[in-house]
Amino acid sequence: MSQPSMPRSPILLTPGPLTTSDRTRAAMLRDWGSWDGDFNAITARIRQQVLRIVHGEETHECVPMQGSGTFSVEAAIGTLVPRTGHVLVPNNGAYCQRIARICKVLGRKLSTIDYAEDRQVQAADVDRALAADPSITHVALVHCETGTGVLNPLHEVALVVARHGRGLIVDAMSSFGAIEIDARTTPFDAVIAASGKCLEGVPGMGFVIARRSVLQASEGNSPSLAMDLYDQWIYMGKTTQWRFTPPTHVVAALDEAIAQYVEEGGLPARGGRYARNCEALISGLGALGFRPYLDAAIQAPIIVTFHAPDDPAYDFKTFYNEVKKRGYILYPGKLTQVETFRVGCIGHFGEAGIPGAVAAVADTLKAMGIRQVAATATA
Ligand SMILES: *Cc1c(COP(=O)(O)O)cnc(C)c1O
């Protein structure tokens, strides 16, 4: 069955695509017809399971969408925000800026609250902005800003938005399944996530968990044919099928990944494992002199940004390649002002994964002749 000549793939310490299990990958070794009843039962099961993760069975609908996660974010904004809507984006990073661009491209009126990238969004600022401008119809919040790793206060913002009677759209791409979101107590119009992040599936589809009443009222909003969530939802309800060709292998892999998620113990187990990875990473690289970019209090256990070594012998490309030779894939930084790199805490690798990565980094520092890691260290 397996090809012995195939080299073992490196461990991906990236926030999606990420390392998946053999079981998940094996689920892709079969072809499915998109009209097939067994395949459509898989789609239905995934939609159920995803709703259950946020306790949204009574109030919400899970609408899957082909494409990478951004396709689902764009579909949600385009479908759920009316053409005359006005979106407020509290902006503390790259993925917030992506939502702002989506609003502009789709011609939805946009306002932002801008923060430094090492700051958390503040519910009080959203409160003030909504009070000052009654024309704002929606707030679009990124839960974990993957650009840096900041965890934004979703529950507090959701309560503020609900109190003002506006809609909340949440990009929970990198937190969904690992950090608690409960539709029964945290009001939202839409939560958006994808197959290839904390559920540990392969990339290729996203899903929007939309409030049923909001979805019902969204007919005709979408400026796009293919990315119309309302149409996808109605068609799926009538036929059990995807409206256009589904990513069949991705769907089958996600189903298998969710089965393992449930076996592992669901959200508390998945979130707990990532939190232990995150602690081991920060303390392990900390012992080598690396400092995280963020304060511990606002760090999500998903991805950690570290300051790059303050040494003339350092450059990211060589560092990356040396660590890769030792079996681990790192992630570049996404900040313009400071030289950083990022390390993901998510994916299917055992408890030895992070200590192994720390050892690979230690070895790499030696190989590159880097002695000065922290900028603040006394030389
Ligand atoms: C991964 C991610 C996305 C989607 O990115 P794609 O490259 O389109 O998959 C959106 N928002 C956040 C916060 C993410 O982490």
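Order of appearance sets the numbers: ligands from 1, and atoms from 1 within every ligand.
- Close contacts of ligand 1 with Ser174, meaning ligand atoms under 4.0 Å from a residue heavy atom, involve 15 (O).
- Separation of the Phe207 and Phe176 ring centroids falls under the 6.0 Å cut-off.
- The nearest protein atom to atom 1 (C) of ligand 1, hydrogens excluded, is given as Lys197 NZ, 1.4 Å; this is a heavy-atom distance.
- For the pair Arg184 and Asp182, the salt-bridge criterion is met [side-chain N within less than 4.0 Å of a carboxylate O].
- Among all protein heavy atoms, the one lying closest to atom 11 (N) of ligand 1 is Asp171 OD2, 2.6 Å.
- The single protein non-hydrogen atom nearest to atom 9 (O) of ligand 1 is Gly69 N, 3.1 Å, given as residue, atom name and distance.
- Aromatic rings of His60 and Phe188 (six-membered ring for Trp) have centroids within the 6.0 Å cut-off, being under it.
- Atoms of ligand 1 lying under 4.0 Å from at least one heavy atom of Cys144, given by number and element, are 13 (C).
- Note on Lys325 versus Glu322: salt bridge recorded, some NZ/NE/NH1/NH2 to OD/OE distance being below 4.0 Å.
- Considering backbone and side-chain atoms together, Phe71 places no N or O closer than 3.5 Å to any N or O of ligand 1.
- What sits closest to atom 15 (O) of ligand 1 on the protein, heavy atoms only, is Thr146 OG1, 2.5 Å.
- Ring centroids of Tyr328 and Phe349 are separated by 6.0 Å or more, keeping the two rings apart.
- Of all the atoms in ligand 1, the ones that sit under 4.0 Å from a non-hydrogen atom of Thr70 are 4 (C), 5 (O), 6 (P), 8 (O).
- Of all protein heavy atoms, the one closest to atom 3 (C) of ligand 1 is Met173 CG, 3.4 Å.
- The nearest heavy-atom contact from the protein to atom 7 (O) of ligand 1 is Arg98 NH1, 3.9 Å.
- Here Glu256 does not pair with Arg25 in a salt bridge; the nearest charged N to carboxylate O distance is not below 4.0 Å.
- Cation-pi contact between Lys334 and Tyr95: present, with separation from the ring centre below 6.0 Å and deviation from the ring axis of at most 45°.
- Taking NZ from Lys109 and OG1 from Thr84, the interatomic distance works out to 11.0 Å, rounded to the nearest 0.5 Å.
- Residue Ser68 places at least one N or O, backbone or side chain, under 3.5 Å from an N or O of ligand 1.
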